[in-house]
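Let me begin by presenting the structure, written as structure tokens, before commenting on it.
All chains are named by letter (A, B, ...) in the order of the sequence lines, taking the proteins before the strands, and each is independently numbered beginning at 1.
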Amino acid sequence: MSLDEGFFARVYALVRRVPRGRVVTYGQVAAMLGVPRGARAVGWAMRALPEEMAARVPWHRVVGTGGRISPRRGPGPEIQRRRLRAEKVAFRGGCVDMTRHGMLYESFARSERASV
DNA sequence: CAAGTGACGTAGA
DNA sequence: GTCTACGCCACTT
């Protein structure tokens, strides 16, 4: 498997920096990595997140556009909601209230650039 | 190299 | 508001 390097690793490295109580969208992550339309690839990366990395990568802070929790088989979505709620993230309907918890693309991208 | 796969996003109906 | 149909991308086979 080549998941230790390449796009996936970059996705993990970025997601790892999302602060508690905040969320980012798949599209934002892709855009920040220089692939404006790679949202789907980011989803693929999250799906392939190795178990041992799950502890270091706050995957639950990655949501779909509009704060939607991407449906998939298994308890994933449920766990994700629980973890977010544990971080005091507010939900509106079934979606994360992005106006409160969504990361601003600009500031996040800027901090990333500065830290690299 | 070609085809298949999905934790996406958007436009339409 | 919901549901469908495509396009997109990285990665696998």
Side-chain angles (χ1 to χ4, degrees):
Chain A
M1 297 191 278
S2 59
L3 289 79
D4 299 318
E5 300 174 4
F7 188 76
F8 285 13
R10 301 211 288 146
V11 169
Y12 303 147
L14 185 55
V15 172
R16 197 173 52 190
R17 308 171 53 68
V18 177
R20 193 163 166 284
R22 280 292 173 94
V23 302
V24 289
T25 67
Y26 298 93
Q28 277 184 325
V29 173
M32 290 181 65
L33 292 179
V35 190
R37 291 171 187 151
R40 204 165 189 176
V42 172
W44 183 276
M46 297 313 291
R47 170 180 171 281
L49 178 66
E51 189 68 31
E52 60 273 21
M53 289 185 86
R56 293 183 297 119
V57 180
W59 56 268
H60 57 286
R61 295 179 191 146
V62 183
V63 300
T65 183
R68 283 197 297 285
I69 302 300
S70 297
R72 64 262 198 193
R73 300 195 300 280
E78 197 178 325
I79 296 174
Q80 185 169 15
R81 286 171 188 281
R82 199 183 64 232
R83 289 193 180 181
L84 288 174
R85 269 188 84 56
E87 296 182 358
K88 310 300 182 189
V89 170
F91 282 80
R92 237 176 51 183
C95 308
V96 171
D97 185 342
M98 296 303 276
T99 65
R100 290 190 192 178
H101 308 284
M103 293 220 37
L104 299 177
Y105 178 86
E106 268 184 50
S107 61
F108 190 35
R110 177 150 30 82
S111 67
E112 276 305 301
R113 211 166 312 162
S115 69
V116 173

Legend entry - Value in whole Å for how far the P atom of dC11(C) lies from CG of L49(A): 14 Å

Legend entry - Which nucleotide in dC8(B), dC11(C), dC9(C) has an atom nearest any side-chain atom of F8(A): dC11(C)

Inset, instruction - For atom CZ of R17(A), decide whether the heavy atoms of other residues, nucleotides or ligands shown that lie under 6.0 angstrom number more than 12. - result: yes

Legend entry - Spacing between W59(A) atom CH2 and dA7(B) atom C1', to the nearest angstrom: 9 Å

Inset, instruction - Provide, to the nearest angstrom, the distance between the CZ atom belonging to R72(A) and the P atom belonging to dC8(B). - result: 8 Å

Legend entry - Check: dG9(B) base within 3.5 Å donor-acceptor of R40(A) side chain: no

Legend entry - R68(A) CZ to dG6(B) C1', straight-line distance once rounded to whole Å: 16 Å

Inset, instruction - Heavy atoms only: give me the nearest H101(A)-K88(A) pair and the separation to one decimal. - result: CE1-O, 3.5 Å

Inset, instruction - Report the distance from atom CD of Q80(A) to atom P of dC8(B), rounded to the nearest whole Å. - result: 10 Å

Inset, instruction - Using a cut-off of strictly less than 4.0 Å, decide whether T65(A) has a side-chain nitrogen or oxygen near OP1 or OP2 of dT10(B). - result: yes

Legend entry - Atom-to-atom span, CH2 of W44(A) to P of dG9(B) - whole angstrom: 17 Å

Inset, instruction - Scan A41(A) against the nucleic acid and name what it touches under 4.0 Å (heavy atoms): base, sugar-phosphate only, or nothing. - result: base

Inset, instruction - Taking only the side-chain nitrogens and oxygens of S70(A), find out if one of them lies under 4.0 Å from OP1 or OP2 of dC8(B). - result: yes

Inset, instruction - In whole angstrom, give the distance that lies between atom CD1 of I79(A) and atom P of dA7(B). - result: 15 Å

Inset, instruction - Please check if atom CD in E52(A) has more than 12 non-hydrogen atoms from other residues, nucleotides or ligands closer than 6.0 Å. - result: yes

Inset, instruction - Find out if a path of hydrophobic residues (ILVMFWY) with successive side-chain heavy-atom gaps under 4.5 Å connects F91(A) to V63(A). - result: yes

Inset, instruction - Mind checking G76(A) for me? I need base, sugar-phosphate or nothing, with any heavy atom below 4.0 Å counting as a touch. - result: nothing

Inset, instruction - Would you kindly check whether a donor in the side chain of R47(A) faces an acceptor in the base of dG6(B), or vice versa, at under 3.5 angstrom? - result: no

Inset, instruction - Taking atom CZ of R37(A) as the centre, report whether more than 12 heavy atoms of other residues, nucleotides or ligands fall under 6.0 Å from it. - result: no

Inset, instruction - Quickly work out the Y26(A) OH to dT10(B) C1' distance and round it to whole Å. - result: 17 Å

